[in-house]
> 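Here it is, the structure in full.
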There are 2 protein chains.
Amino acid sequence: MPKTIYDIAKEAGVSIATVSRVFNSSNSVKESTREKILKIADDLGYHPQAYAQGLASKKKNSIMLLVPVMSNYFFTEILRGTQDVLADENIELTILNINQEKGVFRQVEQIIKRQWADGYLLVSLHLSQQELQKLKRYKVPISLLDDHSTHFDSVSFNNEQGGYTATKYLLNKGYKRIVFLSGSKEALPNKERYKGYKKALAEFKIKPDESLYITGDSMDRDGFTEKNGYEAMCKIISLDEPGEAIFCTSDIKAVGALKAMNDANVRIPLISYDDLSISEYIGLSTISQPMYKMGCQATRHLLNRIDNYDIIICDHIHNPELIIRNSSEI
Amino acid sequence: MPKTIYDIAKEAGVSIATVSRVFNSSNSVKESTREKILKIADDLGYHPQAYAQGLASKKKNSIMLLVPVMSNYFFTEILRGTQDVLADENIELTILNINQEKGVFRQVEQIIKRQWADGYLLVSLHLSQQELQKLKRYKVPISLLDDHSTHFDSVSFNNEQGGYTATKYLLNKGYKRIVFLSGSKEALPNKERYKGYKKALAEFKIKPDESLYITGDSMDRDGFTEKNGYEAMCKIISLDEPGEAIFCTSDIKAVGALKAMNDANVRIPLISYDDLSISEYIGLSTISQPMYKMGCQATRHLLNRIDNYDIIICDHIHNPELIIRNSSEI
DNA sequence: CTGAAAGCGCTTACAG
DNA sequence: CTGAAAGCGCTTACAG
């Protein structure tokens with residue numbers, strides 16, 4: 001039922017090769033022929049089928065962005081960067097949501113095997129080095145964002161530094177019992193931020209107190225939810241010795257934590273992590289990361305590698321920045 | 001370089017037809033042969049190429065979700081619904097971000113022409129009836145979410161009802177000067193909500209006051225940003241007669257509006273729209289819509305139509321629900 | 001249970 | 001500037 005290149009060629013009285021040339025902007029087509037074909041194609045609602053083009057040309061002219069959750073500002077900013085870099089490139093961008101419950105590696109490998117795109121941008125997927133190594137054999141352009149590896153181009157944050165900066169600030173203000181309000185303990189960024197937290201404590205000769213490592217009970221999305229933050233804060237409040245300040249590993253959790261404080265009518269200084277668009281408006285002191293810029297970078301890495309698979313591997317690590325607003329200043 | 005069906009067939013000593021059958025779960029393959037082929041495929045990292053399969057079988061086994069912005073909870077919930085419906089279907093789901101600045105219709109039509117998927121779920125795209133009519137000729141399964149049409153299956157909200165309910169509540173509390181804190185005046189949902197707002201006023205014999213129709217100056221994302229809400233609220237506060245209550249057309253804008261109130265140290269009752277996940281935690285009274293459920297519905301419509309293009313068109317309109325929390329209760 | 005062969009809708013040297 | 005033809009990597013009747 002849908003029109004094919006044959007329909008157009010017949011209608012225009014030319015060969016399919018000529019029609020193909022028109023759509024591949026080869027300049028070796030007579031202007032009048034080109035216009036005629038374009039007109040017919042428009043009338044008939046024709047455009048070359050992506051799948052057939054991909055198969056014949058062995059190029060997909062598309063890249064795929066693989067992400068675990070796309071609920072947040074974090075991802076939106078990255079996407080903005082990617083789209084801006086792609087703007088003059090004539091490359092299509094599709095997004096695939098990876099289900100964290102169903103084996104991240106399996107899903108990623110499957111997509112790559114099926115050759116959906118010319119290259120893949122893996123965002124916040126945190127595969128193990130061993131898994132990344134396995135992906136290497138497909139010899140396909142892959143670029144990592146919010147993840148680090150020697151196998152692929154990567155753009156990542158210095159999470160340890162972020163945890164360190166936030167904690168240090170609190171320590172400098174004189175607080176000693178600082179709570180680490182955590183997400184899932186297994187999540188890599190969480191571990192790294194905890195490292196930074198401990199490093200800062202160490203500088204102040206404070207031993208990390210296990211009972212101050214606290215998370216909520218709701219564990220969907222690795223615990224990065226308002227609900228988890230609320231639950232965690234309730235636990236903190238009911239501690240025998242509640243803690244004098246809080247380093248919270250995400251803004252979304254902080255929203256929950258703030259509510260719990262309000263409900264219980266207590267106020268504990270808090271610094272969180274992400275700098276979502278709402279954070280400015282609810283006065284969160286937080287660690288900010290240059291997400292737009294990183295989206296641009298990671299995308300450029302990918303395009304370069306599609307262009308030439310054998311160029312040297314790039315590895316950018318960005319230092320986050322502490323932004324002080326109300327929540328830390330009591 | 002990547003392995004093809006020929007490599008596998010040769011290695012296994014069978015024809016490519018047999019290899020193909022294994023991957024299409026045809027049961028007419030000897031168990032031992034199947035296992036052998038699967039083993040070889042796994043060793044060699046082979047899986048049938050999506051594009052070649054699509055071309056040969058004329059089925060993509062994939063659907064595409066077209067959305068304008070995916071920053072919000074709104075979209076995340078819909079996605080959850082879609083994914084849950086797709087869970088046992090063996091259909092891939094890809095997402096395509098539509099750039100509102102670059103001609104929504106043109107982008108959508110292009111995607112459809114190129115035949116990326118077996119069907120398309122259009123979310124919050126608000127094409128005109130005329131444009132939808134044009135898409136009709138491609139005879140391709142399309143399902144609309146947060147949009148209404150007689151041409152395609154659709155699942156939408158009764159925005160007028162939402163605006164009416166919110167405004168009525170405020171009127172019932174005795175407020176007379178009610179501000180309509182708007183997004184872009186051209187946006188369809190905005191218009192519909194405004195209709196409901198006026199309808200409620202009419203019941204109270206109040207003439208809509210033009211000077212109470214207020215929006216901010218930042219107009220990215222159709223004005224649905226914290227910043228726009230903040231700006232609008234500043235205008236409201238500096239009104240000669242400020243208004244006794246506010247109906248705000250989105251929670252994100254309300255976040256900005258609340259901050260502006262705080263900064264100016266005023267408190268005006270406010271009801272907003274969306275019920276994002278944070279809204280509960282910051283005490284927003286708001287209009288809530290069953291997004292997860294609607295994502296499920298729209299996806300089922302689409303699958304049914306892919307199954308049989310000629311079934312009768314479905315049209316669900318959902319009534320939103322008012323949820324009272326702090327922001328409206330001063 | 002398996003294979004040979006046609007065909008899906010394109011692109012792209014090659015030749016003119 | 002244009003066409004004939006091979007080929008991309010699969011699926012799927014058809015035949016056995």
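Letters A, B, ... mirror the listed sequences (proteins, then strands); counts begin at 1. Here the structure is a predicted model, which means the values were calculated and not measured. Heavy atoms only: backbone and side chains are in, while hydrogens, waters and symmetry mates are out.
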> Within less than 4.0 Å of OP1 or OP2 of C:dG9, is there a side-chain N or O belonging to A:Q49?
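Looking at the OP1 and OP2 atoms of C:dG9, neither is under 4.0 Å from any side-chain N or O of A:Q49.
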> How would you list all residue pairs meeting ring pair (Phe, Tyr, Trp, His ring centres under 6.0 Å) that involve residues 116-146 of chain B, not counting sequence neighbours?
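Every candidate ring pair (Phe, Tyr, Trp, His ring centres under 6.0 Å) pair involving residues 116-146 of chain B fails, so no pair, neighbours aside, qualifies.
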> Return whichever of A:Y51 or B:S28 has its heavy-atom-nearest nucleotide of DNA chain C closer to the 5' end.
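It is B:S28, whose closest nucleotide lies nearer the 5' terminus.
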> Could you pick out which residue, A:Y6 or A:V29, lies toward the 5' side of DNA chain D when each is mapped onto its nearest nucleotide?
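The 5'-side residue here is A:V29.
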> Counting only side-chain N and O atoms of B:K58, is one of them less than 4.0 Å from OP1 or OP2 of C:dG9?
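Checking B:K58 against C:dG9: at least one side-chain N or O falls below 4.0 Å of OP1 or OP2.
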> So does A:E186 pair up with A:K191, basic N to acidic O under 4.0 Å?
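Salt bridge between A:E186 and A:K191, a charged N being under 4.0 Å from a carboxylate O: no.
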> Provide the Watson-Crick or G-U wobble partner of D:dA4, both distances under 3.5 Å; none if there is no partner.
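Pairing partner: none.
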> Taking only the P atom of each, what is the distance from D:dC1 to D:dA5 in whole angstrom?
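Comparing P positions in D:dC1 and D:dA5 gives a spacing of 24 Å.
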> Looking at C:dG3, I'd like to know if its phosphate oxygens (OP1 or OP2) sit under 4.0 Å from a side-chain N or O belonging to B:T18.
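Checking B:T18 against C:dG3: at least one side-chain N or O falls below 4.0 Å of OP1 or OP2.
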> Pick the closest DNA chain C nucleotide for B:Q115 and for B:A17 by heavy atoms, then say which residue is nearer the 5' end.
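It is B:A17 whose nearest nucleotide is closer to the 5' end.
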> Is there a Watson-Crick or G-U wobble partner for D:dA13 with both distances under 3.5 Å, and which nucleotide is it?
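WC or wobble partner does not exist here.
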> Can you tell me if the side-chain N/O atoms of A:S15 get under 4.0 Å from OP1 or OP2 in D:dG3?
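So the side chain of A:S15 is within the cut-off, an N or O lying under 4.0 Å from OP1 or OP2 of D:dG3.
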> Expressed as a whole number of Å, how far does the P atom of D:dC14 sit from that of D:dC10?
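Taking atom P in both D:dC14 and D:dC10, they lie 24 Å apart.
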> Ignoring backbone atoms, test whether A:S20 places a side-chain nitrogen or oxygen under 4.0 Å from the OP1 or OP2 oxygen of C:dC10.
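No, A:S20 has no side-chain N/O under 4.0 Å of OP1/OP2 on C:dC10.
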> Using ring centroids (six-membered ring only for Trp), state whether B:Y6 and B:Y46 fall under 6.0 Å.
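For B:Y46 and B:Y6, the ring centres are not under 6.0 Å apart.
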> Respond yes when some side-chain nitrogen or oxygen of B:T33 is under 4.0 Å from OP1 or OP2 of C:dT2, and no when none is.
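It does, given that an N or O in the side chain of B:T33 lies less than 4.0 Å from OP1 or OP2 of C:dT2.
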